[in-house]
Amino acid sequence: MSSFLQGVLLGFGVAVPIGPLNILIMSYAFTSYSKALCLGLGAMSTDVFYLILLSFGVLHLLNTPITLKIVAIFGSLFLIYMAFGLIKDVNKEIKTKSNLEPKGYLNTYFKGCFLNLTNPYVIIFWFSMAAITTSTNNLSLTLFGLIVGILSWILVFPLIIYKSKNFISKKMMRALAYFSAFVLLFFALNLLYQHFFKEIL
């Protein structure tokens with residue numbers, strides 16, 4: 001049981017901190033819980049993918065400066081794209097029908113996948129998991145607990161945002177959308193700084 005609880009805590013450790021994923025989940029949850037959930041499930045699919053790579057020892061090959069730099073470039077470009085998408089949609093009218101289109105769900109799911117796939121910090125986290133999991137009594141229970149922790153956050157966090165949206169004015173929603181876009185741009189620039197300019201400056 002202790003191994004399972006350790007995994008759950010690790011899952012919350014990777015899922016809860018404020019980052020690009022949680023900012024986007026929050027933005028999506030203001031209009032559609034199901035879309036925010038799709039985004040989170042897409043990101044979790046990538047976590048499972050990294051977990052499989054970790055199990056086979058392949059993830060170690062990705063933890064190189066060159067690979068992380070390449071991932072950082074794609075990650076920062078994708079975050080910039082998402083930030084400008086948020087800004088563009090701020091004044092658009094929300095249409096219920098568009099939120100129910102299967103294509104919309106699929107696109108949102110793949111956005112979540114790509115967001116985690118192009119985040120070097122996610123790769124580094126899962127690489128560090130190799131050291132953490134060796135100290136556990138039951139690896140299977142720890143990994144299962146980790147997935148449960150991530151899934152619990154993905155289910156609950158957007159639900160809280162979605163349920164509280166009626167208490168937030170449209171003006172505040174716009175302000176939060178601009179703030180979210182600004183935070184995404186910050187993460188994009190920080191990625192480039194950490195992997196390209198930190199050593200120079």
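We count residues from 1, following the sequence as given.
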With rounding to the nearest 0.5 Å, note down the distance linking [atom1] in [X] to [atom2] in [Y].
X: L184; Y: I87; atom1: CG; atom2: CD1; result: 9.0 Å
X: L106; Y: K111; atom1: CG; atom2: NZ; result: 11.5 Å
X: K165; Y: M26; atom1: NZ; atom2: CE; result: 14.5 Å
X: F30; Y: I161; atom1: CZ; atom2: CD1; result: 5.5 Å
X: Y105; Y: F110; atom1: OH; atom2: CZ; result: 16.0 Å
X: M44; Y: I154; atom1: CE; atom2: CD1; result: 5.5 Å

Taking side-chain contact (heavy atoms from CB on, under 4.5 Å) as the test, write out the residues that go with I160, two or more places apart.
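Applying side-chain contact (heavy atoms from CB on, under 4.5 Å) to I160 gives V156.
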Go through V8 and L146 one step at a time and tell me if the side chain to side chain contact (heavy atoms under 4.5 Å, CB included) criterion holds.
CA-CA 5 Å; V8 171; L146 192 145; over 6 Å; no
Donor-acceptor pairs are to be reported for all side-chain atoms of residues 76-85 against protein atoms at under 3.5 Å, with residues two or more places apart or in another chain.
{"from": "S76", "atom 1": "OG", "to": "A72", "atom 2": "O", "distance (Å)": "3.0"}
{"from": "S76", "atom 1": "OG", "to": "I73", "atom 2": "O", "distance (Å)": "2.9"}

Could you tell me if the side chain of [Y] sits less than 4.5 Å from the side chain of [X], heavy atoms only?
X: Y33; Y: K163; answer: no
X: Y50; Y: L117; answer: yes
X: N190; Y: Y121; answer: yes
X: F4; Y: F144; answer: yes

Side-chain atoms of residues 15-25: list all donor-acceptor pairs with protein atoms under 3.5 Å, sequence neighbours left out, distances to 0.1 Å.
{"from": "N22", "atom 1": "OD1", "to": "W153", "atom 2": "NE1", "distance (Å)": "3.0"}
{"from": "N22", "atom 1": "ND2", "to": "A15", "atom 2": "O", "distance (Å)": "2.8"}
{"from": "N22", "atom 1": "ND2", "to": "V16", "atom 2": "O", "distance (Å)": "3.1"}
{"from": "N22", "atom 1": "ND2", "to": "P17", "atom 2": "O", "distance (Å)": "2.9"}

Answer with yes or no whether the hydrophobic clustering places M172 together with V183; edges join I, L, V, M, F, W, Y residues whose side-chain heavy atoms lie under 4.5 Å apart.
yes
Heavy-atom neighbours of F12 CZ exceed 12 at 6.0 Å:
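Yes, enclosed.
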Looking only at side chains, do Y109 and S45 share a donor and an acceptor under 3.5 Å apart?
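Distance-only check passes for Y109 and S45.
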Check whether the side chains of T108 and Y28 place a donor and an acceptor atom closer than 3.5 Å, and report yes or no.
no
In chain order, what residues pass the side chain to side chain donor-acceptor pair (under 3.5 Å) check against N116, with sequence neighbours excluded?
D47
Considering residues at least two apart in sequence or located in another chain, which fulfil the side chain to side chain donor-acceptor pair (under 3.5 Å) criterion with S180?
S27
Grouping ILVMFWY residues whenever side-chain heavy atoms fall under 4.5 Å, the cluster of F167 otherwise contains none
